[in-house]
Amino acid sequence: MISTKTTLAGFEFDNCLMNAAGVYCYDAAELDQMQASKAGTFVTKSATLQARTGNPEPRYLATPLGSINSMGLPNHGLPYYLDYVSQQQIAVPNKIYFQSITGFNIDEDEQLLAQITASDFKGIVELNLSCPNVPGKPQTGYDFETVERILTRVFEVYQGPLGIKLPPYFDIVHFDQMAAILNQFPLAFVNCVNSIGNGLFIDAATETVTIKPKNGFGGIGGDYLKPTALANVHAFYQRLKPEIQIIGTGGVKSGQDVFEHLLCGASMVQVGTALQKEGPLIFDRLTAELKTIMQQKGYTQIADFQGQLKHLD
Ligand code: DOR
């Protein structure tokens, strides 16, 4: 029997696959579809204190090799998602869920976490430090001092399992510096990576940008992202203390992509652009394709190869 089970933050998940925050998780109708899918669990849309409509449309475009988005964090506000997860905790009690949150400053992060503490949420928090699409707001993950300050406060006020979603880094020194900061904290995981911020996808025929917010600049996902995502997964897998697990996100559209993320060190793998394109049935296909690869290689469980990427010495 081949198993794609995994363990994260001490919890077991039937499948290592799930959605990436932002995709199929905006409202109860989408989350219901995730809940009914083959995915091991789901993460909600990154929730803010107040509900947000997000940026003006068009704000998402699927391209031949991926996607560009500038959604601008449309969401129903944290209480909506806590309420939804609370219902699922009762409906399917032995399953653990992820709540993504993002404050616009450190005090908002603290308030969001206070709301979670006051609720009956039993799952894992993913703090999004990497949204590229709020006009005037930089991606927190590129401001190393702020990341350190946020995490210091977060772990003063929050006791539950919590990880962070990082933007992609492109420099070995940045991997070293960020890992040194993250290793000071009892993080359950880091999720590598969010979209590549502020790409531009243009239409040569009409000579215009393709999405409206920020004059067309938006987060890039899909095939374009995979090598960068794998590099970030592997770089942090090598640098972080073993208690901090990795979630791999970026460019996953086949079982082989899932296998590669796991091989680079991910314990769990999230799907964004390809899930948006194919819908939650993609988890059946990805799971079957991953199992075929594992079978061909003689692996029966993820632990047989997870993190075992070989280097050429
Ligand atoms: O690409 C992204 N889009 N990453 C985020 O973290 C947020 C999202 C949005 O809502 O714009």
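These values consider heavy atoms only, across backbone and side chains, with no hydrogens, waters or symmetry-generated copies. Remember, it's 1-based here, ligands and their atoms both numbered in the order they're listed.
- At a 3.5 angstrom cut-off on N or O pairs, N69 counts as close to ligand 1.
- Side-chain contact, K214 with N55: no donor N or O sits under 3.5 Å from an acceptor N or O.
- The contact set between ligand 1 and N194, taken as ligand atoms under 4.0 Å from a residue heavy atom, comprises 1 (O), 2 (C), 4 (N), 5 (C), 6 (O).
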What do the steps show when you test H174 against F144 for ring pair (Phe, Tyr, Trp, His ring centres under 6.0 Å), and what is the final call?
-> CA-CA 9 Å; H174 292 160; F144 288 40; 5.5 Å; yes
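- Remark: the N15 side chain and the T4 side chain contain an N/O donor-acceptor pair separated by less than 3.5 Å.
- The option with the heavy atom closest to atom 7 (C) of ligand 1, from among G218, G197, A20, C131, is C131.
- Between R153 and D109, no side-chain nitrogen of the basic residue sits less than 4.0 Å from a carboxylate oxygen of the acidic one, so the salt-bridge criterion is not met.
- Residue P132 places no N or O, backbone or side chain, under 3.5 Å from any N or O of ligand 1.
- Ring orientation note: the planes of Y81 and H76 are tilted relative to one another, at an angle of 30° to 60°.
- Side-chain contacts under 4.5 Å among hydrophobic residues (ILVMFWY), followed directly or transitively, place F104 together with L73, V134.
- Only the side chain of K45 comes within contact range of ligand 1, with a heavy atom under 4.0 Å; no backbone atom does.
- Considering backbone and side-chain atoms alike, P74 places every N or O at 3.5 Å or more from each N or O of ligand 1.
- N191 and T249 share a donor-acceptor pair across their side chains, judged by distance under 3.5 Å alone.
- The proximity of L73 to ligand 1, defined as any non-hydrogen pair under 4.0 Å, involves the side chain as well as the backbone.
- For ligand 1, the atoms lying closer than 4.0 Å to a non-hydrogen atom of G72 are 9 (C), 10 (O), 11 (O).
- A salt bridge does not link K45 to E30: none of the charged nitrogens lies less than 4.0 Å from a carboxylate oxygen.
- The nearest non-hydrogen atom to atom 1 (O) of ligand 1, considering only G219, P213, S195, comes from S195.
- Some N or O of N128 is nearer than 3.5 Å to an N or O of ligand 1, by distance alone.
- Scanning N133, N55, L129 for the heavy atom closest to atom 11 (O) of ligand 1 points to N133.
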